[in-house]
Amino acid sequence: MFIMSSQKTTATAVTLDGNEATAYIAYRVNEVCAIYPITPSSTMAELADEWSAKGIKNIWGSVPEIIEMQSEGGAAGTVHGALQTGALTTTFTASQGLMLMLPNMYKIAGELTSAVFQVAARSLAAQGLSIFGDHQDVMAARSTGFAMLAAASVQEAHDMALIAQAATLAARIPFIHFFDGFRTSHEVNKIFLIPDEIIRAMISDELVFAHRKRGLNPDNPFIRGTAQNPDVYFQGRETVNPFYARTPDIVLEVMKKFGGLTGRHYCPFDYSGDPEATRVLVIMGSGGETVAETVKYLQAGGEKVGVVQVRLFRPFSMDHFLAVLPTSVQAISVLDRTKEPGASGEPMYQDIVTTLVEAFNQGKISHLPKITGGRYGLSSKEFTPTMVKAIFDELKEKQPKNHFTIGITDDIGFTSLAVDPYFSLDESGWRQALFFGLGADGTVGANKNSIKIIGENTPLFAQGYFVYDSKKSGARTVSHLRFGPEPIRAPYLIAQADFIACHQFNFLEKVEMLPQARHGATFLLNSPYGRDQVWDQLPLSVQKAILSKQIRFYVIDATEVARETGMAGRINTIMQTCFFALSGVLPREEAIRHIKKAIEKTYYKKGKTVIEKNYQAVDQTLENLFEVTIPQAAHATTDFLPVVPDAAPLFVREVIGKMMAGHGDELPVSAMPVDGTYPSGTTKWEKRNISDLVACWEPDLCIQCGNCSFVCPHSVIRAKFYHEDLLREAPQGFASAPINARGFPETRYTLQVYLEDCTGCNLCVEACPVTSPANRSEKAINLRDKAPILEQGRESIRYFEQIPFNDRAKVNFSMVHGAQFLEPLFEFSGACAGCGETPYIKLLTQLFGDRLIVANATGCSSIYGGNLPTTPWTVNAAGKGPAWSNSLFEDNAEFGLGMRLTADKHLAMAHDLLRQLEPELGADFVRDLIEAPQKMESEIAAQRLRVSELKSQLATMDSSIARHLLSIADQLVHRSVWLIGGDGWAYDIGAGGLDHAMASGRNINILVLDTEVYSNTGGQMSKATPTAATAKFAAAGKRVGKKDLALQVISYGNVYVAQVAMGANPQQTLLAMREAEAYDGPSIILAYSHCIAHGIDMEKGMNQQDLAVASGYWPLIRYNPMLRKKNRNPFVLDSPRPVISLKDYAYNELRYKVLNLINPDEAEKLMALAQEIVDLRWKTYEEMTVSSADAFQPIF
Amino acid sequence: MNLDTTYMGLKLHSPIVVSASTLSEKTDNILQMEDSGAGAVVLFSMFEEQIRKENAKFQAVIQATSNVFAEAADYFPDLEDYHVGTARYLETIRLVKERVKIPIIASLNGITPEGWIDYAHQLEQAGADGLEINIFYIPADLELTGQAVEQRYLEIIRMVRQTVQIPIAVKLNPYFSAMGHTALRMQEAGADALVLFNRFYQPDFDIKTLKVLHNLQYSDASEIRLPLLWIGILSGKLRLSLAATTGVQSAEEVIKYLLAGADVAMTASALYKNGIRYLETMHDDLRNWMSGKGFQSISAFKGAMNQFNVSDPDAYERANYIRILEGVKG
């Protein structure tokens, strides 16, 4: 580690992100942490848990107690309880999590309790969810009574975490310490670590004792939390005022002490700029860094500008603010990173207006400057120096625009300020590098490593920020790295890079990279083409950019070098070496020396040979890295591929297409839907081509069982049967086979693979039951190279799409082989390759898609199901399809129940209106509309015809009743309401609502995609996590058994319950879904969903499902209340007795195996316990199967 | 009564040694083995192939799940501390060496030259008293000559010999055309002991499912004859130590092997069947037999019935075979 002696005390320089920098302090100054995962704060909680598991101690020599709760509401309650009994307690959260904590926060503040909540500030879900950063969440908490301390950088997050803790103990007011989600929480920067002795010096033991003493104690009993009446509540509320009045001074004192100890000085408000500035910006959070740096630049150019960076936002101190504001100021602009629709201004603007008006009225200032307020940076929208300059420029106007926005184009309200696209700060002191890679190729990991190597081993400062796209499979990453001799305060993306690396050759024609290259920059390309051939492979725009910007162009075949050096598939080390050699951050020889040293450090445990192999890779990299001689002119005949085909609808071409191309920032306000409503079925326009290997059908071998199509997570395998005459027009190479069914002469069958959407996950190949007699490794579907078959494949797909989907009334979709002919209305999602969840969702849409309403809990399924730009829920040829919405994480059951209530209420209203219109419509027609059965597909089709006829008739009637009926007539076709979510929702955060919704008796269907962890946020333990498995927050293996949700729900008696695993028994899955839907009451299906968080080879996902069932771990069951009603045993155990041990299933998965690696003895004990649990549950279930009907709850 | 013996240069207080098995994966078991009188323990085998596969799988899973999505930088708790690869094995040696006095012999099963060298070095560094190299190799390639196969064994022994200072035992299969000569060459290459013989994987078929069965069966006492034969032949003719390792179910087989000239007899299957404490019974029975025969030490009867010492050396060769056949006739 690099030691910085210029600091006040000897400080260790480390490279950390904001989350770790914060958690480092919070962990050391607390005794209890109650936590719950939520992006972007999850890492803080995970680190605290890991440190606790490793026995790392706080400054008092004790290992903090960490507990994961079922929700943030639960975490806040636990925090409150721990605080009330005297423990130093903290929590980490963001966004909706903070919203769930609000009720407790009022209590904690009202009781004057010392505590710090660490918040990675994030947007709130409004017209859409966003995981990115702004201040909407913390602003929503500003009325709780918590003090609010803002950090603007990674170093500040580290420092403020300690300042907040010291201040809360002295002030007794609880604090929110917050910093910008992602921009600070995920930015890696070189910071100086606060040594433990300074932490100790900052925290007064006397105040800690006082905190403990205020705790509940039966030896000194009192009550707190009384119910108060109108006579005294008000007065009681006012008692705290002196505490709030004192807090700014307390914070200032703590900051002074901190400055004395560390050399880093802060104030509640920090002013920088011209002491006689006439124009001043007021800002809080990371944007303050951008403003401060821009002010320096503008000031150097003679402008009289300045900035007030707000550290302590609550309690807002007028005096401290006035003390730093230059008296010369003529115009102030207050920038809020939040949105408060309908308010007279955003919160901080209002505070400043109030402050200055009050000050003026009280004579504290001589004149009232112009004050404007503006919004910036919502959802991590870029906030750059050129925007800062635009605001300062606007303040020169006689009547500067108020309530403006910056960073967007508002062509509706015309609030936005124009920016100068050519303005930038002097960046000559930095080396800036951009890396374009794939999530799975290790680019981000290697860059984090580079930052560590340079940041911790040289005097240079380093900063890294990583941008991911919104897909979980084939996700692209862009790494932004800066290096320089001074601390890097630039919380915005790199616009002009000195070095650009493209780690994936196929990005060339899809991703615009060189517009971000500075003149004379270096461009490194991982290319299968050598220095003499590569130029001809470049798109025209790339060639032109290289020529016009005089870019130095280097190539390496990293894939080949990796293969030759025995590191196949791991190009990241090779590309990292190229970066060190070419970027100029360090002299080449020194850079290579550092990288070799890092290799030695990384691999020392693995022995000399491994180290030498890596050295060899470095040396070979340098030998294979070539500069390309640039020709005089660009002559390519190809350029970037069109993002969206011309055939796409206008909205897709002009709005979604722009987002897909990476130009979403350019879309004006008018392009956005006003209420978050987007068209269905847009993934079909995004041909992502993420896999070079794709599924390929062998018609001659295929037995047309439909298994491949059934398990395909991305709906890329479709089947149709059709009259053989249709083949006459088929393009050459269109694959077809006679249908494998009796009674269908002249009928052909085609299994079409959507090659450009296939992720090459191999689940289909694994599911195929056929093996070629000639070649045992060949199946009826295999993965093949896409390139040679792509063109012909596109032709085939075009033709296949012209063949009509088979008539649902003619398809036997009670069988797996029949289900393949049903059109999936969920397709080409961004889910992981080989996802275990999406096959269930796809099946749901095949069965009920055209009358399906989905309430989707936040989580993986809401992200691959609803994350822009393109979404997978689609429509059929008749324009009908699933109607989908996501409310929140915790409320999905209630949300879905609400949908059912609408359907039921509107249906009842429609029936009533129909009866009223009987004279006009005819009694038979009305009776049919109300009473005709809708169980069979043909019956539903008949009802659709009736409703269509009804709507035609109603349109001609001029009556209020007819118009009312017309508005709800669609409800006459039975709606299938499904509530979808993961185990985090169903077992934990939404368990209460789920329980209540099921107890309602209403006809809702619940699909729990059980991955047994919080998959979307990175594999944290839920109550579905099994015994003996490791997960985040259960690093030492879970000791408690998985909740038997099925059994719990069965206890209601009137709920249809099924537990399914498609990979073990697809037929049972199909049956369960159909039974659940058919049951006129609540239904729940618990679906085993293999997941990358299990640490498996994803292509074996379905096999693992099979083993889970074979071991008895995941019994397949169905509980059908309708059988009970007929006085039959409603419980059916569909899987056979276990034939393998739990171990034989579990130890194929890293989540179980790691425990064996960490602590084999413990693993064995836990595995034995887990086996016992499996055995016991199996016994229970077996006994239930042989019970008589009256052993189960009767139903009405 | 003195049960001391010397094996591969190590002084042991008993000739009964626990052979490489999963029993030694647990430290507590090793403590129990020492407590029950084992002369030494050969640790469970470290398989290079397994380590490589495990590492590769680990790396593949980690790479596929790290830094791929904004909401999840990774999916597993801090992986740095997971004992993937050799770390767990080395840790076991360190732990065991702190807690037991008897020699601990590491067992290595390599597949590549760098594997043999690297891992042997690491095992020595971790504190192993000796190293048993387990050359688990089926020459299925029809182009491979017997000479080439032997050469391969010898090269491995030389490589390891040049890498470590601790004594090396070589665990062999019996399928050499000239076992005696091969043993001699191995001694010249640097082996300090031979362990006779390795019961390597021999598949069986399930005729119902048409699948290959991978189950390994425990050895039984009837299998001791082949090692008994070769120990009897080699005993007294080579400098190196001899360990017998097949079919040791009770003190009786131990005694037979010692009589044939083995320096130690190894068992694991007896302990699987009867528990680790069964070592005590074996020792009691050995002592009782020695006492009955009036032997005060192992050296008093070790090799007493080897080819060198028996009155009828031919009994070890073809004549023995004829006699057995005649016995059957009779």
Side-chain angles (χ1 to χ4, degrees), chain A residues 39-40 42-43 46 49-50 53-54 131-132 182 186 438-445 448 466-468 470-472 475 477 569-570 572 605-610 613 832 863 1013 1015-1019 1030-1035 1091-1093 1095-1098 1150-1151 1153-1154 1157-1158 1160-1161 1164, chain B residues 22 24-29 44 48 51-92 95 110 112-123 125-126 163 209-210:
Chain A
T39 307
S42 306
T43 318
E46 288 165 17
D49 184 58
E50 278 173 23
K54 285 179 185 167
I131 60 170
F132 295 100
F182 278 101
H186 283 57
L438 276 178
D441 69 11
T443 300
V444 170
K448 285 181 177 173
F466 308 94
V467 179
Y468 301 82
S470 59
K471 308 290 182 187
K472 287 167 185 273
T477 61
R570 297 180 63 196
N572 50 354
K605 277 185 188 167
K606 295 187 177 169
K608 213 167 136 191
T609 316
V610 177
K613 189 178 273 184
C832 298
I863 296 302
V1013 281
S1015 299
N1016 194 51
T1017 47
T1030 56
K1032 287 179 183 163
F1033 305 147
C1091 178
I1092 59 169
I1096 56 168
D1097 181 353
M1098 286 294 275
L1150 204 61
R1151 60 175 169 155
K1153 218 169 171 187
V1154 285
L1157 297 168
I1158 300 167
D1161 291 353
E1164 190 172 323
Chain B
T22 53
S24 54
E25 285 180 2
K26 287 187 186 169
T27 315
D28 287 351
N29 282 353
F44 60 99
E48 181 189 355
I51 291 166
R52 280 177 188 276
K53 274 187 186 166
E54 204 171 72
N55 257 329
K57 195 174 167 186
F58 223 86
Q59 291 307 328
V61 169
I62 300 313
Q63 182 159 327
T65 55
S66 296
N67 298 307
V68 294
F69 187 58
E71 298 206 58
D74 52 50
Y75 282 86
F76 298 95
D78 191 11
L79 288 165
E80 275 179 23
D81 286 354
Y82 293 172
H83 297 182
V84 186
T86 58
R88 186 186 147 206
Y89 197 96
L90 302 177
E91 190 60 22
T92 305
L95 273 177
T112 63
E114 63 266 33
W116 285 110
I117 292 171
D118 247 15
Y119 296 151
H121 179 69
Q122 289 181 44
L123 295 170
Q125 293 295 307
T163 307
T209 60
L210 298 185

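Below, chain A is the first sequence line, B the second, and so on; all start at residue 1. Computed from a prediction, not measured in an experiment: that's the story for all the values here.
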Of the listed residues (B:Ala64, B:Ala70, B:Ala72), which shares the most heavy-atom pairs with chain A below a 4.5 Å separation? B:Ala70

Could you have a look at A:Asn1016, A:Asp1161, A:Thr1017 and say which one has the most heavy-atom pairs with chain B under 4.5 angstrom? A:Asn1016

For B:Phe69, check ring pair (Phe, Tyr, Trp, His ring centres under 6.0 Å) against everything at least two apart and list the hits. none

Out of curiosity, B:Leu90 CG to B:Leu95 CG, how far, rounded to the nearest 0.5 Å? 11.0 Å

If we define contacts as heavy-atom pairs under 4.5 Å, which of B:Asp74, B:Val61, B:Thr65, B:Thr27 has the most with chain A? B:Asp74

If I measure from the heavy atoms of chain B, does A:Ile131 come under 4.5 Å with its side chain, its backbone, both, or neither? side chain

Is A:Thr477 close to A:Leu438 at the side-chain level, that is, under 4.5 Å between some pair of heavy atoms? no

Please identify, among A:Thr443, A:Val444, A:Asp49, A:Ile1096, the residue contributing the most non-hydrogen atom pairs under 4.5 Å to chain B. A:Val444

Can you tell which of A:His186, A:Lys1153, A:Lys448, A:Glu46 has the highest number of heavy-atom pairs within less than 4.5 Å of chain B? A:Lys448

Considering residues at least two apart in sequence or located in another chain, which fulfil the salt bridge (Lys or Arg N to Asp or Glu O under 4.0 Å) criterion with B:Glu71? none

Identify which of A:Phe466, A:Phe182, A:Phe132, A:Phe1033 forms the greatest number of heavy-atom pairs closer than 4.5 Å to chain B. A:Phe182

Interatomic distance, OG1@B:Thr92 vs CD@B:Glu25, rounded to 0.5 Å, equals 8.5 Å

Examine whether an atom of A:Ala1093 lies under 4.5 Å from a heavy atom of chain B, and if so say whether it belongs to the side chain, the backbone or both; otherwise answer neither. both

What distance separates B:Thr163 OG1 from B:Trp116 CH2, expressed to the nearest 0.5 Å? 11.5 Å

